[in-house]
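The first residue in the sequence is number 1, and the count goes up from there. Values below: every heavy atom of this structure, side chains too, minus hydrogens, waters and symmetry copies. Note that ligands are numbered from 1 as they come in the structure, with each ligand's atoms numbered from 1 the same way.
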Amino acid sequence: MNRFEVVAAMLPSADVCAQAARATEEHFAPSNIAVCKYWGKRDAELNLPINPSLSVSLDHLGTRTRVEPIDGPVDDIWLNGLQMRPDTMFAQRLSRYIDLYRQGHPQAFRVETRNNIPTAAGLASSASGFAALTLALNDALQLELEAAALSMLARLGSGSACRSIYSGFVEWHMGHREDGADSHAHPIEAQWPGLAIGLIKVDEGVKSVDSRSGMARTVESCHLYQSWPLQANTDLVKLHQAIDAQDFKLLGSTAEQNALSMHATMIASWPPLVYWQPDSLAAMQKIWALRQQGLELYFTMDAGPNLKLLFLEQDREAVLSHFPDLEIVLPFGS
Ligand code: PMV
């Protein structure tokens, strides 16, 4: 099944959608940080994963997007106040996503999108970006879809975007169906006041290998990858235990080992895929040394050089004394 067929089955006809089109207010979706990573697709067309994943949404950090139908032949796309030329990768990716909703109808849209996180720097702006666009299109076309359907649609823009439809802890069930109708995220009820996430920005530039190509390369060329689904499924069980028991040590150690296992599969791919920079490794070594000294501090990393620290609010001052530039988010408040 291709993505157009999947979306056509969920939406009214192209004419009905175009007639309903209206300008929207801004819609917000949070960025999310996976503590059990999504890495590898069983279906690249529908962004269906090989393993389940679990994330924490980043509260106020994310993307705001509004959509408006316009006259004209092409979409008019704005990112952080700058008009994007239609031939840029960014504009093309958004327009291709909107094509799924247009279903061949010529209606064009203005899309104004703003991130308060660096774009494409491994801080998951594509997740919040596609989730916010999905929410805005749902409003613009008056679709009134339920959250699970929105999560499925967001997944077609970027896999991890299916988790950014929700706040708090979110699990993405990998599903088994060919059409992906059972592959969407859902929220985990648990709260964890005082859980802190700190962002270390090693490099905010656009990465050279995006996660789509990185995953494909790993699945095709890395023998270690065979063990990845087992690692992810085992970690998922441990993370549920950690969240249920509010066992921070279990949460942090599982998330860190999960991230390093994913990076091990990247590094052992061919050609090798190393997202780390010298400063990334320096930060890891500092974290390991601090942990030896008794500070409960862990990290996770996505397909980029930046680290996301995991710690408890009670250790905020201690962590800040070692990482003074840290941007701190409390996804569940104090
Ligand atoms: O959603 P994508 O295609 O950008 O993939 C995201 C992959 C990771 O960020 C590395 C892991 C994850 O689960 O977010």
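- Note: an N/O pair closer than 3.5 Å links S160 and ligand 1 by distance alone.
- Residues R163 and W172 come closest through the heavy atom pair CG-CB, 3.9 Å.
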Go through the steps for D99 and R96 under the test salt bridge (charged side-chain N to carboxylate O under 4.0 Å, His left out), then give the verdict.
-> CA-CA 5 Å; D99 285 345; R96 276 204 301 271; over 6 Å; no
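- At least one heavy atom of K37 sits less than 4.0 Å from an atom of ligand 1.
- Residue S158 places at least one N or O, backbone or side chain, under 3.5 Å from an N or O of ligand 1.
- Across all their heavy atoms, V329 and L58 have their closest contact at CG1-O, 3.5 Å.
- A donor-acceptor distance shorter than 3.5 angstrom exists from the side chain of N51 to the backbone of K37, with no hydrogens or angles considered.
- Counting the atoms of ligand 1 from 1 in the order shown, those under 4.0 Å from a heavy atom of G159 are 1 (O).
- Looking at ligand 1, you won't find any N or O of S53 less than 3.5 Å from one of its N or O atoms.
- The N/O atoms of R212, backbone and side chain alike, include none that comes under 3.5 Å of an N/O atom in ligand 1.
- Of the N or O atoms in S211, one or more lie within a sub-3.5 Å distance of an N or O in ligand 1.
- The shortest non-hydrogen separation linking A190 to I243 is CB-CG2, 3.4 Å.
- The option from R163, R155, K41 that lies nearest to atom 12 (C) of ligand 1, judged by heavy atoms, is R163.
- Of all heavy-atom pairs spanning G214 and L273, the tightest one is CA-CD2, 3.5 Å.
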